[in-house]
Visitor: 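Let me begin by handing over the structure; questions about it come next.
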Amino acid sequence: MRILLRTHTCGELNKKHAGMNVILSGWVSRIRDLGGIKFIILRDRYGETQVVVNPDSDAYSTAQEIGREFVIQVEGEVRERPEETKTNTLTGEIEVYASKINILSTAEVPPFFPGEKVSEELRLRYRYIDLRSKMMKDNIILRHKMAQAAREFLNKHGFLEIETPFLTKSTPEGARDFLVPSRLQKGKFYALPQSPQLFKQLLMISGFDKYYQFARCFRDEDLRADRQPEFTQIDIEMSFIDEEDILKIMEEFIRFVYNSVGINLPEKFDRLTYEEAMEKYGSDKPDRRFGMELLDFTEEFIDTEFRVVKNILEINGSVKGFITDIPISRKIASEYEEIVKKFGLGGLLWFKIENDKVISPTAKFLSNNYLKLKEKFKLKEGDVVLLAAYTNRNVLNEALGTLRLKIGKEHFSEKMKSFDALWVIDFPFLEWNEEEQRYVARHHPFTLPKNLDDSPENIKAYAYDMILNGNELGGGSLRIYNEKIQEKVFELIGLSKTEAREKFGFLLDALQLGAPPHGGIAFGFDRMVAIASGSDNIRDVIAFPKTASGVCQLTGAPSDVSKMQLEELGIIINNSNRKNQKD
RNA sequence: GGGGACGUGGUGAAGCCUGGUUAUCACGCCGGUCUGUCACACCGGUGGCCGCGGGUUCAAAUCCCGUCGUCCCCGCCA
């Protein structure tokens, strides 16, 4: 006969079930032993239910043996709690009077209990315990809901979910590849995909004009709080569309996905060009939630006699800054100054309005200029202006943008609770790589340029990023669908014909065999969920993440492999390079 | 590759600057009392070669060097 392990879950019973005989199964979250009567808090994925064990119950002797995190089965009657002992939790109006308890599985005393405040290292080593906590459980469920909403939207709009290979070809450009040695072709390697970029383009050329995939991507680069060596992208591509089509539907898509978990994003996402974003926020992923736009003060300083500023303006430099109302002092300002100095700026100027007067350590040199600013921007009591001068405008923007963001995080955490979504468009097509002394594709080399015949530094791309709360949620582009243009782009980034053939020959062939105009986007799904969950660490929305050094604390990967495995692959390890040598 | 922070019973922290007692506190765990708790309460108890290696010193958790691990940041991540 089939053994019934549960009739209900620990999250669903309420006073409507009173009088019913039920079976619950789950983990023992807490035991409160009052000497006679015992209370056991039983937990499963759905919630927690209080079990009452009376001394006269048949369950009592078993209950004596139970420890926390045991897996037990409880049979008993649902009763409404005495009025004064009701709580306002989900199942707080009832309890289950145990008539029988069955220990399904015992448990050692765990290194920590679910939800206990312990180091992340320990949580990762015993991830299955950590995942029992409410916070982690909620995050995993949130992730599921968002994934389902994404699929629902895309399916409804005619997208096909298609898988692409994990074992694929190493490509130049972009991140370092994870390599997988081939046994059948000794000495050769597959690469794990950094993204399914080329495959999704090939799918367009195959005629699947709307595609998506929850694609695992692999990049062998150093990690951060928001970066894992393997991560999930919602990868999307469409044919016969222009930039406007994509922005429009993807905006709708993101709104739908966030809406499914109760977060309402604006009806229309603003669009900033890359240049505007850099000028106003000093970042290509601006967080606009706390204002403080960068302003151009050059004009107000054009006549200054203050040496450092004057020198910079004489060689076509700029003065920029922003207005805020934070507390400021020499000490704070010098801390801020350190930030901009890292970008190469000479220093940071500041003044504040106090008793309608301009107060600043540099007032005796610059009070006229400060007064002009006070006039022009109608500065009021308590306003603080931080500003700097520098020759290179881009660097000036970035430095002030970094400072702006730091101040925002320090002083405007309330405002940081809202949501702001926008597009950044018109990215530069190329980027100068100092190290390699060549231009590299800023997005990737398959991006369609807008004005290819312009001088390299002026070429713009049909490329767009979606920004949510200062995070790059996703980015994409229209793609080149013409072999001639593709070849020209390879040339621009210094990829020789032979090299291009060798690395991307299959794409160049495909582009000659009927390629439709197409483009797409990819969203960083882990980041999407992290933002929705309110966490600033994507590890908290990944069931089994790796540490900052790429180690899986749970399994111990990466690990040594046997001599035989290496021999089969034709691989010899150079032991002098090894870390952590044990043998 | 570089910079910073941290590493003390099962867990979280204090002690370290200014070297010297039996390494402190809370939680957990074990035992006891307790029949309406909900972080049960109260009483008693258990448990640490202070990450590892080396050095300085009469003496090192404490100072110095190295190393390993974790976290954060820069570089890197089309």
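Chain A is the first sequence line, chain B the second, and so forth, proteins listed ahead of strands; every chain is numbered from 1. The figures that follow rest on heavy atoms only: side chains count, while hydrogens, waters and symmetry mates do not.
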Visitor: Would you kindly say whether Arg32(A) and Gln50(A) are connected by a side-chain donor-acceptor distance under 3.5 Å?
Guide: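 There is such a pair between these side chains.
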Visitor: In residues 486-499 of chain A, which ones come under 4.0 Å of RNA chain B, going by heavy atoms?
Guide: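 Nucleic-acid contacts, sorted: none.
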Visitor: Polar-atom pairs under 3.5 Å, protein N or O versus N or O of nucleotides 5-10 of chain B: list them with distances, or write none.
Guide:
{"unit_1": "G10(B)", "atom_1": "O2'", "unit_2": "Pro111(A)", "atom_2": "O", "d": "3.1"}

Visitor: So Arg176(A) and Glu221(A), salt bridge (Lys or Arg N to Asp or Glu O under 4.0 Å) or not? Walk me through it.
Guide: CA-CA 6 Å; Arg176(A) 195 176 290 114; Glu221(A) 295 292 347; 3.5 Å; yes
Visitor: For nucleotides 70-77 of chain B, give me one character per nucleotide, 5' to 3': B if any protein heavy atom sits under 4.0 Å from the base, S if the only such contacts are to the sugar-phosphate, - if neither.
Guide: SSSSBBBB
Visitor: Counting the atoms with a prime plus P, OP1 and OP2 as sugar-phosphate, which does Thr89(A) contact under 4.0 Å by heavy atoms, base, sugar-phosphate, or nothing?
Guide: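 Nothing, no heavy atom under 4.0 Å.
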Visitor: Calculate the interatomic distance between Asp130(A) atom CG and U11(B) atom P; express it in whole Å.
Guide: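 Distance check: Asp130(A) CG to U11(B) P gives 15 Å.
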Visitor: Among residues at least two apart in sequence or on other chains, which ones pass ring-ring contact (aromatic ring centres under 6.0 Å, His included) with Tyr60(A)?
Guide: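 So Tyr60(A) forms no ring-ring contact (aromatic ring centres under 6.0 Å, His included) with any residue.
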Visitor: Using a 6.0 Å cut-off, check whether atom OH of Tyr481(A) has over 12 heavy atoms from anything other than its own residue.
Guide: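 Not more than 12 within 6.0 Å, no.
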Visitor: On a whole-Å scale, what distance lies between the C1' atoms belonging to C65(B) and C77(B)?
Guide: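 Pairwise C1' distance, C65(B) against C77(B), rounds to 34 Å.
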Visitor: Could you tell me which non-hydrogen atom of Leu511(A) sits nearest to which non-hydrogen atom of Ile480(A), and how far apart they are?
Guide: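 Answer, listing the atom of Leu511(A) first, then Ile480(A): CD2-O, 3.7 Å.
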Visitor: Using a heavy-atom distance cut-off of less than 4.0 Å, which residues of residues 467-485 of chain A contact RNA chain B?
Guide: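 Nothing qualifies; none.
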Visitor: Mind listing the N/O atom pairs, protein and nucleotides 36-38 of chain B, below 3.5 Å?
Guide:
{"unit_1": "G36(B)", "atom_1": "O6", "unit_2": "Tyr97(A)", "atom_2": "OH", "d": "2.1"}
{"unit_1": "G36(B)", "atom_1": "N1", "unit_2": "Glu95(A)", "atom_2": "OE2", "d": "2.8"}
{"unit_1": "G36(B)", "atom_1": "N2", "unit_2": "Glu95(A)", "atom_2": "OE1", "d": "2.6"}
{"unit_1": "G36(B)", "atom_1": "N2", "unit_2": "Glu95(A)", "atom_2": "OE2", "d": "2.7"}
{"unit_1": "U37(B)", "atom_1": "O2", "unit_2": "Arg32(A)", "atom_2": "NE", "d": "2.8"}
{"unit_1": "U37(B)", "atom_1": "O2", "unit_2": "Gln50(A)", "atom_2": "OE1", "d": "3.4"}
{"unit_1": "U37(B)", "atom_1": "N3", "unit_2": "Gln50(A)", "atom_2": "OE1", "d": "3.0"}
{"unit_1": "U37(B)", "atom_1": "N3", "unit_2": "Gln50(A)", "atom_2": "NE2", "d": "3.0"}
{"unit_1": "U37(B)", "atom_1": "O4", "unit_2": "Gln50(A)", "atom_2": "NE2", "d": "2.8"}
{"unit_1": "C38(B)", "atom_1": "O4'", "unit_2": "Arg32(A)", "atom_2": "NE", "d": "3.0"}
{"unit_1": "C38(B)", "atom_1": "O4'", "unit_2": "Arg32(A)", "atom_2": "NH2", "d": "3.4"}
{"unit_1": "C38(B)", "atom_1": "O2'", "unit_2": "Arg32(A)", "atom_2": "NH1", "d": "3.4"}
{"unit_1": "C38(B)", "atom_1": "N3", "unit_2": "Arg81(A)", "atom_2": "NH1", "d": "3.0"}
{"unit_1": "C38(B)", "atom_1": "N4", "unit_2": "Thr85(A)", "atom_2": "O", "d": "2.5"}

Visitor: Below 4.0 angstrom, which residues in residues 56-64 of chain A have at least one non-hydrogen atom near RNA chain B?
Guide: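 Result for residues 56-64 of chain A: none.
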Visitor: Whether the His444(A) and Arg479(A) side chains hold a donor-acceptor pair (N or O, under 3.5 Å, no angle test) is what I'd like checked.
Guide: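 Looking only at side-chain atoms, Arg479(A) and His444(A) do form a donor-acceptor pair, the distance falling under 3.5 Å.
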Visitor: Please check if any side-chain donor atom of Ser549(A) sits under 3.5 Å from a side-chain acceptor atom of Thr547(A), or the reverse.
Guide: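 There is such a pair (donor and acceptor under 3.5 Å, judged by atom type) between the side chains of Ser549(A) and Thr547(A).
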Visitor: So, Arg404(A) versus Thr402(A): side-chain donor-acceptor pair below 3.5 Å or not?
Guide: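 No pair is found: no donor N or O on one side chain lies under 3.5 Å from an acceptor on the other.
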Visitor: Look through every strand shown and name the nucleotide pairing with C6(B) as Watson-Crick or G-U wobble, where both distances are under 3.5 Å.
Guide: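 Because both required distances fall under 3.5 Å, C6(B) counts as paired with G69(B).
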Visitor: When you compare G47(B) with G66(B), how far apart are their P atoms, in angstrom units rounded to a whole number?
Guide: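 It comes out at 38 Å once rounded to the nearest Å.
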Visitor: Would you find more than 12 non-hydrogen atoms of other residues, nucleotides or ligands less than 6.0 Å from Asn14(A) atom CG?
Guide: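 It does: Asn14(A) CG has more than 12 such atoms within range.
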Visitor: Between Phe504(A) and Phe446(A), is the ring centre distance below 6.0 Å?
Guide: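 Between Phe504(A) and Phe446(A), the centre distance is under 6.0 Å.
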Visitor: Which heavy-atom pair separates Leu507(A) from Gln486(A) by the least distance, and what is that distance?
Guide: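 Leu507(A) and Gln486(A) have their closest heavy atoms at CD2-OE1, 4.1 Å.
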Visitor: What does C42(B) pair with, Watson-Crick or G-U, if both distances are under 3.5 Å?
Guide: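 Here C42(B) is engaged in a pair, and the nucleotide opposite it is G32(B).
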Visitor: Less than 3.5 Å apart, any donor N or O on the side chain of Tyr462(A) or Asp426(A) sitting next to an acceptor on the other?
Guide: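 No - no donor-acceptor pair under 3.5 Å links their side chains.
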Visitor: Give, ordered by number, those residues of residues 396-409 of chain A having at least one heavy-atom distance below 4.0 Å to an atom of RNA chain B; if nothing qualifies, reply none.
Guide: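 Result for residues 396-409 of chain A: none.
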Visitor: Flag yes if more than 12 heavy atoms outside Phe189(A) fall under 6.0 Å of its CZ atom; otherwise flag no.
Guide: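 Counting neighbours around CZ of Phe189(A), more than 12 heavy atoms of other residues, nucleotides or ligands fall under 6.0 Å, so yes.
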Visitor: Main chain of Glu75(A), side chain of Ser99(A): is a donor-acceptor contact present, judged purely on distance under 3.5 Å?
Guide: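 Judged by distance alone, yes, a pair lies under 3.5 Å.
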Visitor: Measuring only the C1' atom in each nucleotide, how far is G7(B) from A59(B)? A whole number of Å is fine.
Guide: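 The same atom, C1', in both gives a distance of 24 Å.
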Visitor: Check Leu247(A) against Trp423(A) and note the closest heavy-atom contact, atom names and distance.
Guide: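 Smallest interatomic distance, heavy atoms only, reads O-CZ2, 3.4 Å.
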Visitor: Produce the list of close N/O pairs, under 3.5 Å, pairing protein atoms with atoms of nucleotides 44-50 of chain B; give distances to one decimal.
Guide:
none

Visitor: A side-chain contact here means heavy atoms from C-beta on lying under 4.5 Å apart; do Tyr390(A) and Val395(A) qualify?
Guide: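 Tyr390(A) vs Val395(A): side chains touch.
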Visitor: Between atom NZ in Lys38(A) and atom P in U35(B), what is the gap in whole Å?
Guide: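 Spelled out: NZ on Lys38(A) to P on U35(B) is 12 Å.
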Visitor: Please check if the side chain of Asn482(A) supplies one atom and the backbone of Ile485(A) the other of a donor-acceptor pair under 3.5 Å.
Guide: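 Looks like yes, one N/O pair under 3.5 Å.
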Visitor: Salt bridge or not between Arg132(A) and Glu69(A)? Use side-chain N to carboxylate O under 4.0 Å.
Guide: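 Between Glu69(A) and Arg132(A) there is a salt bridge, with a charged N closer than 4.0 Å to a carboxylate O.
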Visitor: Under a plain distance cut-off of 3.5 Å, with no hydrogens placed, do Asp177(A) and Ser170(A) share a side-chain donor-acceptor pair?
Guide: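 Distance-only check passes for Ser170(A) and Asp177(A).
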Visitor: In whole Å, what separates the P atom of G31(B) from that of C73(B)?
Guide: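 Their P atoms lie roughly 45 Å apart.
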Visitor: Between Gln213(A) and Lys200(A), do the side chains contain a donor N or O and an acceptor N or O under 3.5 Å apart?
Guide: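 The answer is no; no qualifying pair exists.
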Visitor: Within the structure shown, what part of the strands sits under 4.0 Å from Asp33(A) by heavy-atom distance: base, sugar-phosphate, or nothing?
Guide: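 Touches a base.
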Visitor: Assess whether atom NZ of Lys285(A) is packed by more than 12 heavy atoms of other residues, nucleotides or ligands within 6.0 Å.
Guide: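 Incorrect, the count does not exceed 12.
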Visitor: If you define the side chain from C-beta out and look only at heavy atoms, does anything of Leu430(A) sit under 4.5 Å from Arg442(A)?
Guide: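 Side chain of Leu430(A) against side chain of Arg442(A), heavy atoms only: no contact under 4.5 Å found.
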Visitor: With the criterion being N/O to N/O and under 3.5 Å, what pairs connect the protein with nucleotides 29-32 of chain B, and how long is each?
Guide:
none

Visitor: In terms of heavy-atom contacts, does OH of Tyr126(A) have more than 12 from other residues, nucleotides or ligands at under 6.0 Å?
Guide: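 Atom OH in Tyr126(A) is not packed in, count stays at 12 or less.
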Visitor: Roughly how many Å apart are C17(B) and G51(B), using the P atom of each and rounding to a whole number?
Guide: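 G51(B) and C17(B) have their P atoms separated by 15 Å.
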Visitor: Is a donor from one side chain sitting under 3.5 angstrom from an acceptor on the other, for Ser455(A) and Asn458(A)?
Guide: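 Per modelled atom types, Ser455(A) and Asn458(A) side chains form a pair under 3.5 Å.
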Visitor: Aromatic ring centroids of Phe218(A) and Phe231(A) under 6.0 Å?
Guide: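 No, ring centres 6.0 Å or more apart.
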Visitor: Would you say NZ of Lys134(A) has more than 12 non-hydrogen atoms from neighbouring residues, nucleotides or ligands within 6.0 angstrom?
Guide: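 No, NZ of Lys134(A) has 12 or fewer neighbouring heavy atoms, counting only those of other groups under 6.0 Å.
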Visitor: Side chain to side chain contact (heavy atoms under 4.5 Å, CB included) with Ile236(A): which residues, sequence neighbours excluded?
Guide: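 If we apply the side chain to side chain contact (heavy atoms under 4.5 Å, CB included) test to Ile236(A), skipping adjacent residues, the hits are Leu154(A), Phe159(A), Tyr212(A), Ile234(A), Met250(A), Phe253(A), Ile521(A), Phe523(A).
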Visitor: So which protein N/O to nucleotides 13-16 of chain B N/O distances come out below 3.5 Å?
Guide:
none

Visitor: What contact category does Val118(A) fall into here, base, sugar-phosphate, or nothing, at under 4.0 angstrom with non-hydrogen atoms?
Guide: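 The residue Val118(A) makes sugar-phosphate contact but no base contact.
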Visitor: Which pair of heavy atoms, one from Arg539(A) and one from Pro545(A), lies closest together, and at what distance?
Guide: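 Heavy atoms of Arg539(A) and Pro545(A) come nearest at O-CG, 3.6 Å.
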Visitor: Quickly, which of Glu95(A), Glu80(A), Glu93(A) forms a side-chain hydrogen bond (donor to acceptor under 3.5 Å, both in side chains) with Lys86(A)? Name it, please.
Guide: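 Of all the options given, the one that passes is Glu80(A).
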Visitor: Does G48(B) have a Watson-Crick or wobble partner in any strand here, with both distances under 3.5 angstrom, and which is it?
Guide: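 Base partner found: none.
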